Amino acid sequence: MCGRFALFHDPAEVARVFRAMWDPVALARWRPAWNIAPTRPAAVVGADADGAVIHVRRFGLVPSWAKDASGAARMINARSETVHEKPAFRSALARRRCIVPMSGFYEWSGPARARVPWFFSPADTGLLAAAAIWERWRPRDSAAATRPDAAEDALETFAILTKPAGDAVAAIHDRMPVLLPESAWRRWIDPAVDGRDAVAAAVLEMSPLAVRRVSPRVNDARREGADLLEAPAESP
DNA sequence: CCAGACGTTGTT
DNA sequence: GTCTGG
DNA sequence: CCAGACGTTGTT
DNA sequence: GTCTGG
């Protein structure tokens, strides 16, 4: 699956790779991150009238009909096998697909007492592109909804699609994010493309991955920094 | 009809 | 065990 | 995803 | 919002 990831590439590099423009508000707010956990902001690439645009949205999808945003940490992933039929995901899949640029993502192995983190990154250079869907949520509260700046109360969130693990991931875990090769980026974020077709094409793709064991300091979602990727201290 | 859910993943 | 927060 | 909390009451 | 269960 995919519950934690990193995007520490320079923002300008992210824009260049995805041939996208940063939303100015998003760019001002974004900082490279090595430990992006559910409920935390992440950069995402979406299709706009003007082309590909990078926004900052929160990890963990809150459906538009949710009474409050507190369930955000629960819908962090959507199964590619069933995403088209789930009430919580269906409309997002049809009309609101986006790409999550990643320097890499984490998976854990081992028993609950001693979880071991691993970092997966592109085998070659570059960035990973995870397939995702997003939603816009507004407070039900009518006073907030009628304020002139109601748009500022809107919360944009996303969930990452998953599929059965292949290649490098299978040894560690049984699920992994759906990763898109560059040739599939445009179709994924194009709302004119049927969602189910887009998923069917996306899950066939394989991105060559490198993997390494990293510091268990990453387990704590409050920690941050490049040193989270250091090899763990030797244990006998 | 109304009420209540709506999601994924983990581990021995 | 199960939920919440990061 | 993992880590950490998980409860009520009264009083200042 | 939209579907399922009673």
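Note that these values count all heavy atoms, side chains included, but never hydrogens, waters or copies made by symmetry. Throughout, a chain's letter reflects where its sequence line sits, starting with A, and its residues are numbered from 1. Note that the structure is a prediction, hence the values are computed from the model and not measured.
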Worksheet item: dC6(B) and dT2(C): how far apart are their P atoms, nearest whole angstrom?
Response: 15 Å
Discussion item. Please classify the nucleic acid contact of Ser80(A) as base, sugar-phosphate, or nothing, using heavy-atom distances under 4.0 Å.
Written reply: nothing
Worksheet item: Please, what dot-bracket string fits DNA chain B when only Watson-Crick and G-U pairs with both distances under 3.5 Å count, crossing ones use [ ] and pairs to another strand use |?
Response: ||||||......
Item to complete: With the side chain of Pro87(A) defined as its heavy atoms from C-beta on, choose the nearest nucleotide among dG6(C), dG7(B), dT8(B).
Response: dG7(B)
Item to complete: Mark yes or no for a side-chain to base donor-acceptor pair under 3.5 Å between Ser64(A) and dG1(E), with no hydrogen or angle criteria applied.
Response: no
Worksheet item: When you compare dG1(C) with dT9(D), how far apart are their C1' atoms, in angstrom units rounded to a whole number?
Response: 26 Å
Practice prompt. Using the C1' atoms only, state how far dG10(D) lies from dA3(B), rounded to an integer number of Å.
Written response: 38 Å
Fill in: Reference residue Phe158(A); test side chain to side chain contact (heavy atoms under 4.5 Å, CB included); the match among Ile133(A), Ile76(A), Leu61(A), Val100(A)
Val100(A)
Response to the item:
For Glu81(A), the side chain to side chain contact (heavy atoms under 4.5 Å, CB included) test, sequence neighbours excluded, returns Arg79(A), Pro164(A), Arg175(A)
Practice prompt. Give Gly110(A) one of three labels, base, sugar-phosphate or nothing, depending on what nucleic acid heavy atoms sit under 4.0 Å from its own.
Written response: sugar-phosphate
Worksheet item: Which part of the nucleic acid does Thr162(A) contact within heavy-atom distance under 4.0 Å: base, sugar-phosphate only, or nothing?
Response: sugar-phosphate
Fill in: Separation between the P atoms of dG5(C) and dT8(D), rounded to whole Å
15 Å
Item to complete: Please tell me which of the listed nucleotides, dA3(D), dG10(B), dT2(E), lies nearest to the side chain of Met1(A)?
Response: dG10(B)
Worksheet item: Is Trp65(A) touching bases, backbone alone, or none of the nucleic acid, heavy atoms closer than 4.0 Å?
Response: base
Worksheet item: Are side-chain N/O atoms of Arg96(A) and Ser91(A) paired as donor and acceptor at under 3.5 Å?
Response: yes
Discussion item. Taking dT4(C) as the reference, what is the distance to dG7(B) when you measure between their C1' atoms (whole Å, please)?
Written reply: 16 Å
Discussion item. Applying the ring pair (Phe, Tyr, Trp, His ring centres under 6.0 Å) criterion to Phe119(A), which one of Tyr106(A), Phe5(A), Trp108(A) satisfies it?
Written reply: Tyr106(A)
Item to complete: Ignoring backbone atoms, establish whether Arg74(A) has a side-chain N or O less than 4.0 Å from OP1 or OP2 of dC6(B).
Response: no
